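For the numbers below, each heavy atom of this structure counts, side chains included, while hydrogens, waters and symmetry mates do not. Here the structure is a predicted model, which is why all the values come from computation and not from measurement.
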Amino acid sequence: MDLEALQVSVRLALATLAVLLPLGLLAGHALAVREFRGKALVESLAALPLVLPPTVLGFYLLAGFGARSPLGTAFEAVMGHSLAFSFPGLLLASVIVNVPFVLQPIQRAFESVPRDVREAAACCGLTPLQAFVQVEAPLAWPGILTAAVLTFAHTLGEFGVVLMVGGSIPGETRTLSIAIYDRVQAFDDRSAGIMAASLLAIAVATLTLTTMLGRRVEPDRG
């Protein structure tokens with residue numbers, strides 16, 4: 001087991017979740033309760049990472065983060081090193097790739113909250129923020145939890161975009177999935193098998209936990 005790669009994977013997953021979950025709550029709630037022109041286009045753009053090949057998405061992100069891009073130039077001027085092939089660049093790419101995994105479950109969860117509940121909260125004098133925190137978010141929390149678990153698990157296993165944008169720098173951008181690829185290239189099947197089995201166990205455990213918690217909540221809501 002490459003513990004250093006595991007540490008980078010977990011750090012990337014937690015950082016992605018910390019950045020993306022608050023944004024997903026706001027965006028998912030807005031998409032669930034509001035109608036506006038261009039909403040279908042916004043939803044389609046947010047879902048793009050689900051259908052684009054990771055190498056295609058990684059290519060565009062690499063071009064956007066490169067030293068010749070405005071973002072890459074500005075980042076290098078401030079931080080003194082390139083955005084591509086660094087942990088901050090890898091984190092930004094991970095946030096973009098995981099948008100649909102956090103946004104769609106949260107949007108569906110808020111869509112399941114009856115409109116009458118929102119109207120009742122308003123009639124009781126709650127502000128929109130108070131209604132969101134005290135009424136809507138508690139009702140939607142199974143979807144929020146599902147989004148968090150899916151994002152965490154998907155980040156741990158992401159390969160194509162990670163390789164394109166982050167490369168394989170030990171301790172910086174080499175995640176567990178990249179370490180597996182490196183071990184396979186080196187004909188070290190035993191190490192690759194141990195790490196692949198670890199990722200599989202983590203994925204099964206997180207998804208099982210989500211299902212169990214969801215089943216505990218549904219009777220309470222019924």
Work out which heavy atom in [X] is nearest to a heavy atom in [Y]; give both atom names and the distance.
X: Ile96; Y: Phe65; result: CD1-CZ, 4.4 Å
X: Leu91; Y: Leu12; result: CA-CD1, 3.7 Å
X: Ala32; Y: Gln107; result: CB-O, 3.6 Å
X: Asp182; Y: Ser168; result: OD2-OG, 3.0 Å
X: Ala46; Y: Val99; result: O-CG1, 3.8 Å
X: Pro105; Y: Pro100; result: CD-O, 3.7 Å

* To do: Could you check Thr16, Leu25, Thr151 and say which one makes a side chain to side chain contact (heavy atoms under 4.5 Å, CB included) with Val102?
  => Thr151
Between [X] (side chain) and [Y] (backbone), is there a donor-acceptor pair under 3.5 Å?
X: Ser86; Y: Leu83; value: yes
X: Ser94; Y: Leu90; value: no
X: Glu76; Y: His81; value: no
X: Thr155; Y: Ala13; value: no
X: Ser9; Y: Thr175; value: no
X: Glu158; Y: Val161; value: yes

Any [X] side-chain heavy atom under 4.5 Å of [Y] side chain:
X: Tyr181; Y: Leu176; result: no
X: Val117; Y: Glu136; result: no
X: Phe75; Y: Pro88; result: yes
X: Val162; Y: Thr173; result: no
X: Leu57; Y: Met164; result: no

* Does the side-chain contact (heavy atoms from CB on, under 4.5 Å) test come out yes or no for Leu20 and Phe101, once each step is laid out? -> CA-CA 10 Å; Leu20 197 50; Phe101 293 95; over 6 Å; no
* Asked: When you look at CZ of Phe59, are more than 12 heavy atoms from neighbouring residues, nucleotides or ligands closer to it than 6.0 Å?
  -> no
* Check whether more than 12 heavy atoms from other residues, nucleotides or ligands sit under 6.0 Å from atom CD of Glu111, and answer yes or no. => yes
* Check the pair Phe159, Ile180 against side-chain contact (heavy atoms from CB on, under 4.5 Å), reporting the backbone distance first and the verdict last. => CA-CA 10 Å; Phe159 175 75; Ile180 293 172; over 6 Å; no
* To do: State yes or no: do Leu103 and Leu50 share one hydrophobic cluster built from I, L, V, M, F, W and Y residues joined by side-chain heavy-atom distances below 4.5 Å, directly or via other members?
  => no
* To do: Examine Leu129 and Leu139 and state if one hydrophobic cluster contains both, with Ile, Leu, Val, Met, Phe, Trp and Tyr joined whenever side-chain heavy atoms are less than 4.5 Å apart.
  => no
* Spatial distance of atom CD1 (Ile178) from atom CZ (Arg183) [nearest 0.5 Å] -> 13.5 Å
* Using a distance-only test with no angle check, is there a side-chain donor-acceptor pair under 3.5 angstrom linking Glu43 and Gln104? -> no
* Asked: Is there a ring-ring contact (aromatic ring centres under 6.0 Å, His included) between Phe132 and Phe110 once you walk through the steps?
  -> CA-CA 10 Å; Phe132 176 83; Phe110 281 119; 5.5 Å; yes
* Any chance you could lay out the side-chain contact (heavy atoms from CB on, under 4.5 Å) test for Val8 and Arg174, step after step, and finish with the verdict? => CA-CA 7 Å; Val8 172; Arg174 188 170 71 182; over 6 Å; no
* List the steps and the verdict of side-chain contact (heavy atoms from CB on, under 4.5 Å) for Lys39 and Leu31. => CA-CA 8 Å; Lys39 180 178 177 179; Leu31 289 172; 4.2 Å; yes
